[in-house]
Amino acid sequence: MHAPSPHLSATLPRASPAFPRPCIAQLQRRPHIQRHEIHCRAVTGSRTCLKEWAPVVEALRDGTQTILLRKGGLREPVFRPTDSSFLLFPTAFHTEDDLLRPHAKERYRAALAYDPRSARHLELATGAVLTGAWTTADPAVLQLLADFHIWAPRFLDARLRWRPRQPITVLELRAFRLATPARLSTAGPDVFGCFSWLRDAPGAPQGWLPSSTPALDDVPFAARQLHCRRLLSALAADEICGDLVQPGTLGAL
């Protein structure tokens with residue numbers, strides 16, 4: 001059995017005077033909500049891909065953004081995470097630059113122009129570990145978590161209006177830069193479309209996480225985790241995934 005990855009050990013930070021371990025259970029407002037199962041096999045880095053707007057993938061990759069706010073796509077009745085780690089598939093779902101805050105619009109201008117359909121192969125250079133997940137119907141979540149994302153108010157309003165009866169799923173992510181980017185063929189019929197997850201994608205690597213580099217070091221990521229949970233505790237937010245990366249599973253890496 002190998003030693004735990006030093007990067008993964010901070011995914012759920014150990015208690016310390018500066019960074020006490022977040023008490024996720026305190027955020028659960030309605031205990032009857034059934035928890036969603038997360039595949040623990042994915043702790044080493046699964047071949048599952050999550051589609052996300054290219055500028056947001058870049059913001060996750062450089063540590064500027066650490067959450068996603070999602071609802072299901074046209075082919076999904078509801079959005080639910082199914083793996084505790086996954087690759088990020090950059091998309092061009094949106095082209096309007098006013099969906100980003102002004103500073104992000106300039107910083108990620110190249111990503112705004114990105115069109116995955118124009119390439120024969122798609123480069124997957126970023127993965128993520130899911131460190132927390134909640135659902136909420138409280139519209140205050142959009143502005144409350146403004147410190148953790150690059151979206152402009154117009155984007156957030158549109159996300160809230162999309163399927164208004166469906167709650168927003170808040171994903172807290174720790175992004176990782178892959179040691180060697182993967183090349184995914186775009187020739188298959190099921191690569192593009194209005195769905196969130198692409199599973200066992202041809203060309204996507206398995207076990208990419210131990211050799212990857214975190215976007216944020218342990219201490220700053222733990223600080224953001226703590227701040228995020230403190231803010232969420234003010235909302236009617238249901239914790240849906242529990243302790244996603246169990247400390248006891250890290251030794252298997």
Side-chain angles (χ1 to χ4, degrees), residues 49-76 78-79 81 86-119 122-128 130 132-175 177 184 186 191-198 215-216 220-221 224 227-228 231-232 234-235 237:
C49 300
L50 174 63
K51 292 182 171 184
E52 185 53 69
W53 192 19
V56 173
V57 172
E58 288 300 307
L60 289 164
R61 180 178 172 81
D62 66 22
T64 300
Q65 179 155 329
T66 52
I67 66 164
L68 294 178
L69 302 175
R70 297 292 295 255
K71 289 188 178 182
L74 291 175
R75 290 161 58 178
E76 300 161 324
V78 68
F79 180 88
F86 39 83
L87 297 162
L88 293 171
F89 181 123
T91 66
F93 287 157
H94 310 285
T95 57
E96 303 94 332
D97 60 7
D98 61 346
L99 297 178
L100 297 178
R101 297 182 201 175
H103 74 278
K105 189 187 310 183
E106 294 302 320
R107 183 170 184 172
Y108 304 111
R109 186 160 296 281
L112 272 168
Y114 176 73
D115 180 9
R117 294 177 182 270
S118 65
L122 181 69
E123 185 174 278
L124 304 179
T126 309
L130 180 59
W134 302 264
T135 58
T136 182
D138 192 334
V141 70
L142 302 178
Q143 292 302 325
L144 189 70
L145 300 182
D147 289 344
F148 302 95
H149 63 75
I150 61 171
W151 295 304
R154 179 168 172 256
F155 176 88
L156 300 176
D157 290 343
R159 181 56 50 91
L160 190 64
R161 290 194 302 270
W162 168 255
R163 293 185 171 177
R165 295 184 180 181
Q166 186 181 128
I168 293 174
T169 299
V170 181
L171 302 181
E172 179 191 64
L173 303 180
R174 189 176 190 189
R177 296 186 288 271
L184 178 67
T186 59
V191 173
F192 301 109
C194 294
F195 53 91
S196 301
W197 299 97
L198 184 64
L216 289 174
F221 183 76
R224 289 177 73 89
H227 183 35
C228 182
L231 293 173
L232 282 170
L235 296 177

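Below, all heavy atoms of this structure are taken into account, side chains as well, without hydrogens, waters or symmetry copies.
V141 is not listed as a side-chain neighbour of W134, based on a closest heavy-atom distance of 4.5 Å or more. Residues F155 and V56 are not in side-chain contact: their nearest non-hydrogen atoms beyond the backbone lie 4.5 Å or more apart. Using a 4.5 Å cut-off on side-chain heavy atoms (C-beta onward), R109 and E106 make contact. Taking the side chain as every heavy atom from C-beta outward, L173 and L130 approach each other to under 4.5 Å. At least one side-chain heavy atom of L68 sits under 4.5 Å from a side-chain heavy atom of L50. For the pair L142 and I168, the minimum side-chain heavy-atom distance is below 4.5 Å.
A donor-acceptor pair under 3.5 Å is formed between the side chain of R101 and the backbone N or O of W151. Side chain of Q65 to main chain of I150: a donor-acceptor pair is present (N/O by atom type, distance under 3.5 Å, no hydrogens or angles). Checking side-chain atoms of R61 against main-chain N and O of A125 turns up a donor-acceptor pair under 3.5 Å.
For E123, there are no side chain to side chain donor-acceptor pair (under 3.5 Å) partners, not counting sequence neighbours. With sequence neighbours left out, D62 forms a side chain to side chain donor-acceptor pair (under 3.5 Å) with T64, R107, Y108. Legend: residues meeting side chain to side chain contact (heavy atoms under 4.5 Å, CB included) with L144, ordered by chain and number and at least two apart, are L231, L235. Remark: F148 pairs with H227 by the ring pair (Phe, Tyr, Trp, His ring centres under 6.0 Å) rule, at least two apart or across chains. Applying the side chain to side chain donor-acceptor pair (under 3.5 Å) test to T66 and every residue at least two apart in sequence or in another chain returns R224. When the side chain to side chain contact (heavy atoms under 4.5 Å, CB included) test is applied to P167, the partners found at least two apart in sequence or on another chain are T135.
The minimum heavy-atom distance between L60 and A215, with the atom names listed, is O-CB, 3.5 Å. Scanning all heavy atoms of the two residues, the minimum distance from A237 to L232 falls at CB-O, 4.3 Å. For the residue pair L171 and A133, the shortest heavy atom distance occurs at CD2-CB, 4.0 Å. Counting all heavy atoms, side chain and backbone alike, L216 lies closest to R174 at O-NH2, 2.7 Å. Scanning all heavy atoms of the two residues, the minimum distance from W197 to P81 falls at CZ2-CA, 3.6 Å. Across K51 and R70, no two heavy atoms sit closer than the pair O-NH1, 2.8 Å.
Between atom CG of residue L69 and atom NE2 of residue H149 there is a gap of 6.0 Å, rounded to the nearest 0.5 Å. One distance of note links OG1 of T136 with CG of L145; it measures 9.5 Å at 0.5 Å rounding. Considering CG of L87 and CG of L184, their distance stands at 9.0 Å, rounded to 0.5 Å.
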Query - Criterion side-chain contact (heavy atoms from CB on, under 4.5 Å) on L100 and W53, from CA distance to verdict - result: CA-CA 11 Å; L100 297 178; W53 192 19; 3.5 Å; yes
